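A quick note: this is a predicted structure, and the numbers were derived from the prediction, not measured. Atoms within a ligand are numbered from 1 in the order they appear, just like the ligands themselves. The first residue in the sequence is number 1, and the count goes up from there.
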Amino acid sequence: MYLKRIILDGFKSFADKSSVEFLPGITGIVGPNGCGKSNISDAVRWVLGEQSVKSLRGSNMSDVIFAGSEDRKAQNVAEVTLVFDNSDRYMAMDYNEIEITRRLYRDGHEAEYLINQENVRLKDVMDLIMDTGLGKDSLSIISQGNISSFADSKPEARRAIFEEAAGVSKYKRRKIESLRKLERTTDNLNRILDIVNELEHRLAPLKRQKDKAERYLELKEQLKSIEVNVLVKEIKTTKEKLLDLEKTIEQLQYEEVAKDGDIVVLEQNNDDIKAKMLLLDNEVNELQGKLMETMNQVSQLETRKVEVDQKRKFILENEGKENLSLRIESLKAIVKDSILEYNDRLERFEQMKKEVSTLRQGLQRLEEDMQQTKAHLDATHLSLNEARSRKNMLVDLVENHQRYASGVRAIIHARKSLSGYVGVLGELIHIQKDYEIAITTALGSAMQFIIMENEAGARQAISFLRKNQAGRATFLPLTTMQARKVRDEHLLVLKDTEGYLGLGDDFI
Ligand code: ATP
């Protein structure tokens with residue numbers, strides 16, 4: 001590699017485009033003082049990236065652009081191109097000739113760099129010339145100042161310049177740099193070893209944690225599949241129960257319809273009996289009227305008999321003997337007729353008394369029948385109400401089981417495996433019709449309390465809930481529960497209070 005040519009255009013004193021050829025051997029440029037010889041070496045350093053305005057002997061970078069002369073006006077752009085022969089591929093580019101150009105515009109801020117006429121960055125130029133000995137600080141360019149300082153310098157400094165020229169200092173610098181890098185790398189290595197050491201300590205507990213986590217995941221998976229199985233089973237059982245309950249409800253509805261029919265028939269019977277009783281009452285009244293009439297007639301007949309007796313006595317006393325026998329016969333006939341009539345009426349009277357008595361007995365029987373029918377009707381009503389409330393309870397059970405707290409539901413499902421389970425309070429009690437809302441409101445959440453036979457059972461159920469994290473429930477062991485009573489004096493006051501219907505438990 002060597003510098004073949006330099007082309008200057010508008011750079012410092014080179015207003016016209018000028019080219020200097022460097023042929024093999026030594027090229028010397030001669031001329032009077034101030035003719036512009038040093039401007040050529042400035043141009044070389046400028047192209048190779050010189051940024052120091054001072055070392056370019058100016059006060060501003062734009063001072064490198066031709067500033068004009070008496071007979072020429074200033075230019076606006078300076079451009080210098082260095083042409084290198086690279087047929088030995090000394091520079092890392094696959095070209096026999098490499099042109100490096102720098103261009104600066106007077107009104108521009110930044111210089112333009114080009115390699116083989118293509119715009120590049122300064123860094124690309126620096127990368128290209130690095131390690132070629134062309135660097136701006138290298139000794140490939142020795143200025144007038146350098147020579148005087150070389151001549152004046154001490155032997156040690158001069159040695160440094162020789163080393164620089166021989167390229168040793170470059171390796172020294174690289175060595176120092178490499179040692180520094182080595183030191184930094186050793187530090188890094190030590191730090192990494194420390195970290196590795198630390199991590200190794202953590203490795204055993206981490207492995208244990210990892211094993212635990214894997215075991216946890218395995219068990220979690222198992223639990224999930226068990227829970228799914230349990231749920232499927234529960235759904236199946238619940239569906240079966242639902243079907244049973246629906247059947248029971250259907251049966252109860254059927255019974256309800258049948259009982260309604262019975263009630264209609266019984267009410268019809270009742271109406272018939274009432275109508276019959278009314279008829280019998282009328283008949284009895286009529287017969288009693290007739291009896292009274294007959295009794296009046298008997299009384300009239302008795303009065304007439306007394307009158308006839310008196311008349312006969314009077315006739316016997318006052319009339320002649322001749323007519324007497326005739327009169328007696330006639331009176332005897334009258335008396336006989338009257339006696340016959342009397343006897344006949346008496347017989348009818350007795351007959352009527354018997355009929356009245358029979359009718360009274362019939363009436364009594366009818367009344368008894370009616371009482372029985374009424375009792376039967378009441379019993380049917382009662383059993384119908386019971387069936388209705390049982391149906392309501394079952395419907396409520398089917399529809400509202402889901403309203404139970406999760407803990408209560410879990411206990412209901414697991415009741416067969418728990419000892420001493422009696423039932424949920426709300427399902428065990430029977431509330432009288434018309435008081436259901438009042439009692440369930442008063443009991444509130446206590447409707448979901450679970451009755452257990454004893455404390456041991458309750459404890460077992462609580463630990464079952466805790467173990468399965470299935471929620472909470474309140475248990476009432478029968479062995480420890482005690483009834484509470486309202487005090488007698490309070491009861492006395494209550495009973496006299498207007499609107500008092502009874503204590504809650506009176507309706508359960
Ligand atoms: P010496 O032998 O004294 O070192 P030299 O031949 O090396 O001189 P240089 O110092 O290279 O000469 O050139 C200086 C000349 O360049 C001066 O005449 C100066 O006026 C001229 N010059 C420097 N900058 C510019 C510029 N921007 N425009 C025009 N002329 C310039």
Original post:
Taking the non-hydrogen atoms of D42, is any one of them nearer than 4.0 angstrom to ligand 1?
Top reply: no
List the closest protein heavy-atom neighbour of [atom]: residue, atom name, distance to the nearest 0.1 Å.
atom                    : result
atom 6 (O) of ligand 1  : K37 NZ, 2.7 Å
atom 23 (C) of ligand 1 : N39 ND2, 4.1 Å
atom 28 (N) of ligand 1 : A67 N, 3.0 Å
atom 10 (O) of ligand 1 : R57 NH1, 3.1 Å
atom 4 (O) of ligand 1  : Q144 NE2, 3.4 Å
atom 8 (O) of ligand 1  : G34 N, 2.6 Å

Under the 3.5 angstrom rule, does the side chain of [X] hit a backbone N or O of [Y] as a donor-acceptor pair?
X    : Y    : answer
N385 : L382 : no
R102 : W46  : yes
R57  : K54  : no
K12  : G36  : no

Subject >> Contact partition for A15 relative to ligand 1, non-hydrogen atoms under 4.0 Å >> reply: neither
Subject >> Which segment of D63 sits under 4.0 Å of ligand 1 when only heavy atoms are counted >> reply: backbone
**OP:** Evaluate the criterion salt bridge (charged side-chain N to carboxylate O under 4.0 Å, His left out) for residue pair E250 and K247; output intermediate values, then yes/no.
**Re:** CA-CA 5 Å; E250 209 176 304; K247 272 187 199 155; over 6 Å; no
Subject >> Heteroatom proximity flag, C35 to ligand 1, N/O under 3.5 Å >> reply: yes
Original post:
So, for atom 20 (O) of ligand 1, does the protein have a heavy atom nearer than 4.0 Å?
Top reply: no
Original post:
Which one of G58, S13, P32 has a non-hydrogen atom at the shortest distance from atom 31 (C) of ligand 1?
Top reply: S13
Subject >> Residue pair N39 / S13, side-chain donor-acceptor N/O under 3.5 Å >> reply: yes
**OP:** Give the intermediate values and the outcome of side-chain contact (heavy atoms from CB on, under 4.5 Å) for residues L503 and L491.
**Re:** CA-CA 9 Å; L503 297 172; L491 262 182; 4.0 Å; yes
Original post:
Which atoms of ligand 1 are found less than 4.0 Å from any heavy atom of F66?
Top reply: 28 (N), 29 (C)
**OP:** Give the numbers and elements of all ligand 1 atoms closer than 4.0 Å to a heavy atom of S38.
**Re:** 7 (O), 11 (O)
**OP:** Kindly determine whether D71 and S69 satisfy side-chain hydrogen bond (donor to acceptor under 3.5 Å, both in side chains), including the steps that lead there.
**Re:** CA-CA 5 Å; D71 50 354; S69 64; 3.0 Å; yes
Subject >> CA sep, side-chain torsions, deciding dist, call: F162, F150, ring-ring contact (aromatic ring centres under 6.0 Å, His included) >> reply: CA-CA 10 Å; F162 277 117; F150 177 69; 5.7 Å; yes
